[in-house]
Amino acid sequence: MDRAQAYEKLKKYGQEHVLRYYDELSGEEKNALLSQIEDTDFSILAHAAHPHVETGKGKVTPLGALELDQIRANGDRYRAAGLKAIREGKVGAVLLAGGMGTRLGSDDPKCMYDIGITHPVYIMERLISNLKDVVREAGVTVPLFVMTSEKNHDKTVAFMKEHDSFGYDPEMIRYFMQDMAPASDYEGKVYMESRSRMSTSPNGNGGWFLSMKKSGVLNRVKELGIEWLNIFAVDNVLQRIADPVFVGATIMNGCDCGAKVVRKAAPDEKVGVMCLEDGRPSVIEYYELTPQMMEERNEKGDYAYNFGVIMNYIFREKELERIVDEVLPLHVVEKKIPYLDEAGTFVKPEAPNGYKYEQLVLDMVREMNSCLPFEVVREREFAPIKNATGVDSVETARALLQKNGVSL
Ligand code: UTP
């Protein structure tokens, strides 16, 4: 693409400012910017004009979960089925670690964050340690796939190497990168992060399977004969990964996907809730729940929309292949985006200053024919680290880890 073609493309989307410094750039920088312009889908920036419009919601009705007492009653059978699948090599784990973790405020990838008090305890170390529990129990190593982005890939891989993958067999780990999307101000004008580069951010956690396919890592999934992929977020340091009971329950209930859920702390808690939409599994965002829905009760007298998702899902691989080419809805998310200001100075904002454009895992659940919400005990399996202090922070996660006997 030459300058004239780049200009035409930018003009179509009202983004001509991207070439503002073009004439001052070196030849190499010019080429880099032109190829970034060529590769960028600017059409998504039009969503800035209506960031909160929801894509056609169907009729939402409650979806009950497999609750703790039912899980306990069938625990041995579920565990045996899950362990069998793991031992047969049918289960892989996928760590979604491509996010920027802006709320935590560290420049390093979130997995490198040290939450220790008397000795270093890295987030990644905690996750691997949790996975190793299952490896010990099953007697086989669960293949682990780690999704990064171009912003944190090299650091993540180097960190794992430096720490000998925290004792996990490196042969059983594969890394792949997700795609990026432009980030803009509130008017949908793309920000520049330098004179020769537009600001980009990872395109959300919903593109993970497509990125696995594009990167070639999916071939490995097939070679290994993996039939189930358990995806999990980087920031929940208590979560169980490839949990045999969860795996077994999903298989034995004949579902295409399973979602770990926790009982909500309050009807208005800000978590996405499992539900049915036109009879199909779905996740409704907390801000979409009306006051009536929040108060609605089921036949047991419990709140009908009572189970929040914790970003730990298991998917039947074949079903993911069926939907891999479906275009998922785009979510417009308000975030802090570093940018070049009018004077050409690089600014790292303290508060949100624009939008990122993301596809989300929860929209993959909507594409499944069936989903098993699987209740877990919050204090044992849910310690997310989103913020440096306050709610869902390093402090709250530390307290929960200590409660569960983890030495910090
Ligand atoms: P979050 O919703 O917490 O987003 O991600 P984030 O970008 O990491 O953090 P903030 O909002 O900027 O503070 C939930 C999970 O999804 C992964 C994250 O790494 C985390 O495990 N994720 C998020 C991706 O893998 N890619 C993305 O593009 C976004």
Side-chain angles (χ1 to χ4, degrees), residues 44 93-113 122-124 126-128 130-131 144-153 155-156 159 175-183 199-212 214-215 217 229-239 241 259-260 270-272 283 285-287 308-313 328-338 348-365 382-394 396-397:
I44 63 170
V94 185
L95 166 59
L96 303 181
M100 297 283 283
T102 48
R103 283 170 286 173
L104 189 58
S106 161
D107 285 338
D108 284 332
K110 212 182 222 186
C111 67
M112 291 173 62
Y113 203 84
Y122 303 103
I123 288 182
M124 184 65 112
R126 284 289 344 134
L127 298 175
I128 298 274
N130 294 346
L131 184 53
L144 173 64
F145 302 91
V146 181
M147 183 168 83
T148 59
S149 80
E150 66 175 38
K151 301 258 180 192
N152 67 12
H153 182 83
K155 276 191 176 177
T156 302
F159 175 72
Y175 300 86
F176 64 101
M177 272 196 261
Q178 68 175 104
D179 289 336
M180 305 296 283
S199 298
T200 55
S201 71
N203 68 345
N205 53 32
W208 67 273
F209 191 71
L210 184 58
S211 298
M212 271 186 125
K214 281 197 202 163
S215 66
V217 159
L229 287 168
N230 178 201
I231 58 159
F232 60 102
V234 72
D235 41 40
N236 176 8
V237 284
L238 267 186
Q239 71 191 309
I241 303 154
K260 285 208 167 184
K270 292 185 172 156
V271 287
V283 178
E285 302 273 16
Y286 67 90
Y287 52 80
V309 288
I310 60 169
M311 260 294 282
N312 188 317
Y313 299 97
L328 296 176
L330 212 60
H331 295 252
V332 180
V333 195
E334 205 183 357
K335 297 254 177 160
K336 294 183 227 170
I337 303 156
K348 263 181 112 179
E350 296 290 321
N353 62 330
Y355 294 136
K356 291 184 177 179
Y357 301 83
E358 300 190 339
Q359 291 182 332
L360 302 181
V361 164
L362 53 90
D363 288 311
M364 296 174 90
V365 175
F382 191 43
I385 300 178
K386 299 284 184 194
N387 307 299
T389 54
V391 181
D392 295 344
S393 67
V394 180
T396 54

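Every number for a ligand or one of its atoms is a count from 1 in the order of the listing.
Ligand 1 has an N or O atom lying under 3.5 Å from an N or O atom of Gly204, backbone or side chain. Taking distance alone, with nitrogen or oxygen atoms compared against 3.5 Å, Met100 approaches ligand 1 more closely than that limit. For ligand 1, the polar-atom distance check finds an N/O of Gly98 within less than 3.5 Å of one of the ligand's N/O atoms. Geometrically, ligand 1 and Leu104 share no nitrogen or oxygen pair separated by less than 3.5 Å.
Taking all heavy atoms of Gly99, Ala233, Gly206 into account, the minimum distance to atom 24 (C) of ligand 1 is reached by Gly99. Within the set Val234, Asn205, Val94, the minimum heavy-atom distance to atom 16 (O) of ligand 1 is found for Asn205. The residue among Glu358, Met311, Arg103 with a heavy atom at the shortest distance from atom 2 (O) of ligand 1 is Arg103.
The protein heavy atom nearest to atom 12 (O) of ligand 1 is Thr102 OG1, 2.5 Å. In terms of protein heavy atoms, atom 6 (P) of ligand 1 is closest to Gly101 N, 3.6 Å. The shortest contact between atom 26 (N) of ligand 1 and any protein heavy atom is with Gln178 OE1, 2.7 Å. Among all non-hydrogen protein atoms, the one lying nearest atom 21 (O) of ligand 1 is Leu96 O, 2.6 Å. In this structure, atom 4 (O) of ligand 1 lies nearest to the protein heavy atom Lys335 NZ, 3.8 Å.
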(request) Just do the side-chain contact (heavy atoms from CB on, under 4.5 Å) check on Ile123 and Asp235 with the steps written out, would you? (result) CA-CA 7 Å; Ile123 288 182; Asp235 41 40; 5.6 Å; no
(request) Begin with the C-alpha distance, continue with both residues' side-chain angles, and end with the deciding distance and a verdict on side-chain contact (heavy atoms from CB on, under 4.5 Å) for Leu104 and Lys110. (result) CA-CA 8 Å; Leu104 189 58; Lys110 212 182 222 186; 3.7 Å; yes
(request) Start with the C-alpha gap between Val234 and Leu95, add the side-chain angles, then the distance that decides, and say whether side-chain contact (heavy atoms from CB on, under 4.5 Å) holds. (result) CA-CA 6 Å; Val234 72; Leu95 166 59; 3.9 Å; yes
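With salt bridges taken as basic N to acidic carboxylate O contacts below 4.0 Å, one links Lys214 and Asp179. A salt bridge does not link Asp392 to Lys270: none of the charged side-chain nitrogens sits closer than 4.0 Å to a carboxylate oxygen.
Heavy-atom contacts of Lys386 reach the following atoms of ligand 1: 1 (P), 3 (O), 14 (C) (cutoff under 4.0 Å). Remark: ligand 1 atoms within the under-4.0 Å shell around heavy atoms of Met147 are 25 (O).
Side-chain atoms of Lys260 and Asn236, non-hydrogen and from C-beta on, never get closer than 4.5 Å to each other. In this structure, Val309 and Val271 have side chains that are not in contact, with every pair of non-hydrogen atoms separated by 4.5 Å or more. Looking at Phe209 and Leu229, their side chains come closer than 4.5 Å, going by heavy atoms from C-beta outward.
Checked options Leu96, Thr148, Asn203; the residue passing with Gln178 is Asn203 (criterion: side chain to side chain contact (heavy atoms under 4.5 Å, CB included)).
Of the heavy atoms in Ala97, only backbone atoms (N, CA, C, O) come closer than 4.0 Å to ligand 1.
In terms of heavy-atom proximity, Leu360 sits nearest to Glu285 at CD1-OE2, 4.3 Å.
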